[in-house]
Amino acid sequence: MKAADGPATPLSMKPVARAFFARQVVEVARDLLGCLLVHETADGRTAGMIVEAEAYASDDPASHAYRGRTERNAPMFEDPGFAYVYFTYGMHYCLNAVTDRPGHASAVLIRAVQPLEGIELMRARRGAVKDRDLARGPGRLTQAFGIAGEQNRSDLTMLPLMICPGERLPLRAVLATPRIGLGSLQDGRTWRFVIAESPWVSGARATKDSRRS
DNA sequence: CAGAAGATCATCT
DNA sequence: GATGATCTTCTGT
């Protein structure tokens, strides 16, 4: 007999309202912590709780949208609540949630989730790694969720994200990376990384050069 | 058209 | 901590 893979209690599948994404990018990034990322493919459904994210405002020099619209970053200029998926380093896909208003070109990179459902499927996709490493990191996450590989990238890019409310996670840190680029913020401070208090985050970044908020 | 860099990861020392 | 893998996208000529 096959062991069921999901959690004992079914996940709430009611997605957040579109208005959730139509706000300043760092606020969205912060509020995404604790939310559930759900993705379904022919192989099954995977879900996890977002524990680490990264905000990219349009005036951040490190943002793909910093130098204006291109073919690749076009989804960033479109409607909030959709995905912007891009391919990088010749082998990795990264998943973003488009935020703010159309034309503002900001997005949140989803950097790590705590696996909750479809864990066997994630293991199959990721190979022999510790469960802690199944979806810790933007490239690993897309691989575990089946967003990488043979998936049609352009289709994926225009799909609505399935983000559902989860639990409230305490904030561990908000990190700035001023030498790479500036997150644009209301009070002039520079933010970008948004990290929850959770064992599923990437430890090195979570402790280095952090500013509490 | 060529060249460089890249929102990364696995592996090595 | 350093390095190689691997290829798309963007920029400049």
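What you see below is based on every heavy atom in this structure, not just the backbone, and it leaves out hydrogens, waters and symmetry mates. In what follows, chains are A, B, ... by sequence order, proteins preceding strands, each numbered from 1.
For DNA chain B, if you chain together Watson-Crick or G-U pairs that step i with j, i+1 with j-1 and so on, the runs of at least three with distances under 3.5 Å are B:1-6 with C:7-12, B:8-12 with C:1-5.
The nearest whole Å value for the distance from the OH atom in A:Tyr56 to the C1' atom in B:dG6 is 11 Å. As a whole-Å value, the separation of A:Leu109 CG from B:dA7 P is 10 Å. As rounded to whole Å, 20 Å separates atom P of B:dA7 from atom CG of A:Leu32. Going from atom NE2 of A:His92 over to atom C1' of B:dG6 covers 11 Å, rounded to whole Å. Going from atom OH of A:Tyr66 over to atom C1' of C:dT9 covers 19 Å, rounded to whole Å. Atom CG in A:Asp60 sits about 10 Å away from atom P in B:dA7, given to the nearest Å. Regarding A:Gln143, its CD atom lies at a distance of 19 Å from the P atom of C:dA5, rounded to whole Å. Atom CZ in A:Phe87 sits roughly 11 Å away from atom C1' in B:dG6 (whole-Å rounding).
Of the listed nucleotides (B:dA7, C:dC10, B:dT8), B:dA7 has the atom at the smallest distance from the side chain of A:Asn96. Set against B:dT8, B:dA10, C:dA5, the side chain of A:Arg140 has B:dA10 as its closest nucleotide. Candidate nucleotides B:dA10, B:dG6, B:dA7 were compared by shortest atom distance to the side chain of A:Tyr89, and B:dG6 ranks first. Here B:dA7 is the nucleotide among C:dT6, B:dC9, B:dA7 with the atom lying nearest to any side-chain atom of A:Ser63.
Between A:Thr46 and A:Leu116, every side-chain heavy-atom pair lies at or beyond the 4.5 Å cut-off.
For the residue pair A:Ser198 / A:Gln114, no side-chain donor-acceptor distance below 3.5 Å is found, with atom types taken as modelled.
Taking OH of A:Tyr84 as the reference point, atom OG of A:Ser106 lies at 12.5 Å (rounded to 0.5 Å).
C:dT6 and B:dA2: their P atoms are spaced 22 Å apart (whole Å).
For A:Arg72 and A:Tyr86, the positive end sits near the middle of the six-membered ring, less than 6.0 Å away and at most 45° from its axis. Figure legend: cation-pi geometry between A:Arg18 and A:Phe20 absent, as NZ or CZ is not positioned both under 6.0 Å from the six-membered ring centre and within 45° of its axis.
With hydrogens and angles ignored, a donor-acceptor pair closer than 3.5 Å exists between the side chain of A:Tyr86 and the base of B:dA7.
Using a 4.0 Å cut-off between charged side-chain N and carboxylate O, A:Asp60 and A:Arg192 make a salt bridge.
A:His64 has a side-chain polar atom (N or O) that falls below the 4.0 Å cut-off from OP1 or OP2 of B:dA7. Between A:Arg67 and B:dA5 there is no side-chain polar atom (N or O) within less than 4.0 angstrom of OP1 or OP2. For B:dT8, one of the phosphate oxygens OP1 or OP2 lies less than 4.0 angstrom from a side-chain nitrogen or oxygen of A:Arg111. A sub-4.0 Å separation between OP1 or OP2 of B:dC9 and a side-chain N or O of A:Arg126 is absent.
Under a cut-off of 6.0 angstrom, the local environment of CZ in A:Arg69 is crowded, with over 12 non-hydrogen atoms contributed by other residues, nucleotides or ligands.
Partner A:Leu36 forms a side chain to side chain contact (heavy atoms under 4.5 Å, CB included) with one of A:Met49, A:Glu167, A:Met162, A:Glu117 and no other, that one being A:Met49.
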